[in-house]
Colleague: 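This is the structure I have questions about; it appears just below.
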There are 2 protein chains.
Amino acid sequence: MSTLAINPPALGGTRYKEVKSAILAALSAGEWKGGECIPSEKRLAERFGVSIGTLRKAIDELCAENILIRHQGLGTFVSMHQRDRHFFRFFRVVRRDGDKAYPVVTLLDFRKARASREAAAALGVETGARVFQFVNGLALHGKTVLIEHISVPEAHFPGLTEAKLRNRPNTLYNFYQDGFGINVVETDERVSVGLASELESAKLGIALGAPLLEIRRVAYSYHRSAVELRVSRLNTEEYEYIGATSGADEK
Amino acid sequence: MSTLAINPPALGGTRYKEVKSAILAALSAGEWKGGECIPSEKRLAERFGVSIGTLRKAIDELCAENILIRHQGLGTFVSMHQRDRHFFRFFRVVRRDGDKAYPVVTLLDFRKARASREAAAALGVETGARVFQFVNGLALHGKTVLIEHISVPEAHFPGLTEAKLRNRPNTLYNFYQDGFGINVVETDERVSVGLASELESAKLGIALGAPLLEIRRVAYSYHRSAVELRVSRLNTEEYEYIGATSGADEK
DNA sequence: AAGTGGTCTAGACCACTAC
DNA sequence: TAGTGGTCTAGACCACTTA
């Protein structure tokens, strides 16, 4: 954990980008963990050998990416998942009237398996690599409306068991963070129409083959390394998916 | 079009927020139009009576919201729609293999009508207010896969006719900008499963009542004033909707 | 009162674009 | 060469939090 000043100005690009990379590297290395306070701006500026303004610009970008959170008078913190309404950054299902409710999650299945071609491609592992697969049912306002099929690479989640998953106190991404040091900071989602399988028919109380909203999500940690593939199917009779709220950044 | 310095520091909040508001007001008033270059940072800083750094912070936010675009060595410009790949900020349909193609648009219907309750609520007008309603068919790779039902308030689009709409040289939002001074800078979208009407059945070549991805969009101009309601239905056999690419801002 | 982030200044120098 | 935005500095003062 070197605390040396970073490289001279000209090499990697600009000073503040280098500072940003250095902070990201420290986060990846676990120097500061989820929810913790990082050193003050003054201290970090000294550590990296830049002015406060430059240091702030690096942190500005990390805050814009929801990787850090600033609190005036308190300090700058490593972003945690699902705190308060922050939860709805990744949970994008609302009732048609706009009401946002926290889902009640039930683990429906858990198994060790081999990565499908789709899962392997999404997660950046070999086809047939060891993965954990599990299925959640999510209830809103007392009714199950969403089924999630989740795959994660075994290599990133050593010691994961059905019991641990079932007994987690918080949300799944918080569990990833606390239990395995994996911080989900970004997701990509593709949406299409899918059909209800037997499982979904039974759990959602709809006909076999009934149309459902199908959401394929890949979740990423720092430096865009994939950590989870999730295929969700939503009954949109009473609920909707919140799509693009354009105005913020896209690439 | 006053060029006075803005208010003293304490009133509206912070200096740079006031500068930002003042720039937004000038944009709304049409002082600088789509694609035009706004005055240099130095000149604007003098005009508003703030330092360069403060002026830059205001412009930083407007660039982050895709309202302005900076070009080093050239100047700062009012954002235009659908230039190059910028088009795909609002067009969120891709082939399943990820291929992005520009749609070929066909106007299928055009009429004057009264706002439905949904349209009135979305657009912030009275139920029964005069609106234009029109329908587009969008073809990708030679096949029509998306039908758009669009409502816009007559009051904001004086003199709009079917002929003008049909003969527009560019995309719809560019037409709004050039023809009516309306800049779409933000959209909200809700996604669910819908069923094919007769029109969609005929144009998309699918069965009546077949499931389609239904996207309800409200488009906003500066200061979040609603200017368009659009209900789109997509055949997801070969195409998908790009949902949240979380990592950038959400509220 | 001490420490934090939030805002703001008044410049400097650099990289890029146009002429 | 002149003008633009991009980066960076070395502070100042303010607002907020905790004690």
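Convention: sequence-line order gives letters A, B, ...; per-chain numbering from 1. Note that the structure is predicted; figures quoted are calculated from it, not measured.
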Colleague: Does a side-chain N or O of B/Arg56 approach OP1 or OP2 of D/dG6 to a distance below 4.0 Å, or not?
Modeller: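 Indeed, a polar side-chain atom of B/Arg56 lies that close.
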Colleague: Given atom CG of B/Leu55 and atom P of C/dC8, what is their separation to the nearest angstrom?
Modeller: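 Between P of C/dC8 and CG of B/Leu55: 12 Å.
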Colleague: Does B/Arg15 make a side-chain N or O approach to OP1 or OP2 of C/dT9 shorter than 4.0 Å?
Modeller: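 For C/dT9, OP1/OP2 do have a side-chain N/O of B/Arg15 under 4.0 Å.
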Colleague: Between A/Lys42 (NZ) and C/dT7 (C1'), how many Å, whole number?
Modeller: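 Whole-Å distance recorded here is 19 Å.
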Colleague: Whole-Å distance between D/dC8 P and A/Lys17 NZ?
Modeller: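 So the NZ-P distance, A/Lys17 to D/dC8, works out to 10 Å.
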Colleague: Would you mind classifying the nucleic acid contact of A/Lys57 as base, sugar-phosphate or nothing, using non-hydrogen atoms under 4.0 angstrom?
Modeller: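 Sugar-phosphate contact only - A/Lys57 comes under 4.0 Å of backbone atoms but never of a base.
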Colleague: Report the distance from atom CG of B/Leu68 to atom P of D/dG5, rounded to the nearest whole Å.
Modeller: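 Answer to the nearest Å: 11 Å.
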Colleague: Quick one: is C/dT4 close enough that its OP1 or OP2 comes under 4.0 Å of any side-chain N or O from A/Arg43?
Modeller: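 Yes.
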Colleague: Please give, in whole Å, the distance from C/dC8 C1' to B/Asp60 CG?
Modeller: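 It is 14 Å, rounded to the nearest whole Å.
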Colleague: Could you state the CD-C1' distance from A/Glu41 to C/dT7, rounded to the nearest angstrom?
Modeller: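 Between C1' of C/dT7 and CD of A/Glu41: 11 Å.
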Colleague: Using 4.0 Å as the upper bound for N to carboxylate O, is an ion pair formed by A/Arg217 and A/Glu148?
Modeller: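 So A/Glu148 does not pair with A/Arg217 through a salt bridge.
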Colleague: Is any side-chain N of the basic residue among B/Arg190 and B/Glu118 closer than 4.0 Å to the acidic one's carboxylate O?
Modeller: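 Looking at B/Arg190 and B/Glu118, the cut-off is not met.
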Colleague: Can you tell me how far CG of B/Leu160 sits from CZ of B/Phe132, rounded to the nearest 0.5 angstrom?
Modeller: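 That separation rounds to 4.5 Å.
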Colleague: Quick one: A/Gln72 CD to D/dC14 P, roughly how many Å, whole number?
Modeller: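 Result: 14 Å.
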Colleague: Looking at A/Ser51, I'd like to know whether one of its side-chain N or O atoms comes within less than 4.0 Å of OP1 or OP2 on D/dA10.
Modeller: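 Answer is no, no contact under 4.0 Å.
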Colleague: Please state whether the phosphate of D/dT4, meaning OP1 or OP2, lies under 4.0 angstrom from any side-chain nitrogen or oxygen of B/Arg70.
Modeller: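 Result: no.
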Colleague: With respect to the phosphate group of D/dT9, does any side-chain polar atom (N or O) of A/Thr54 fall under 4.0 Å of OP1 or OP2?
Modeller: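 Answer is yes, contact under 4.0 Å.
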Colleague: Would you call B/Glu61-B/Lys57 a salt bridge at under 4.0 Å N-O?
Modeller: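 No, this pair does not count.
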Colleague: When you measure from the side chain of B/Lys164 to the backbone of B/Phe175, do you find a donor-acceptor pair of N or O atoms at a distance under 3.5 Å?
Modeller: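 Answer holds: no.
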Colleague: With a 4.0 Å cutoff (strictly under), does any side-chain N or O of B/Ser40 reach OP1 or OP2 of D/dT4?
Modeller: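 Checking D/dT4 against B/Ser40, a side-chain N or O does come within under 4.0 Å of OP1 or OP2.
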Colleague: How many Å lie between CD1 on B/Ile52 and P on C/dG11, as a whole number?
Modeller: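 From B/Ile52 CD1 to C/dG11 P: 11 Å.
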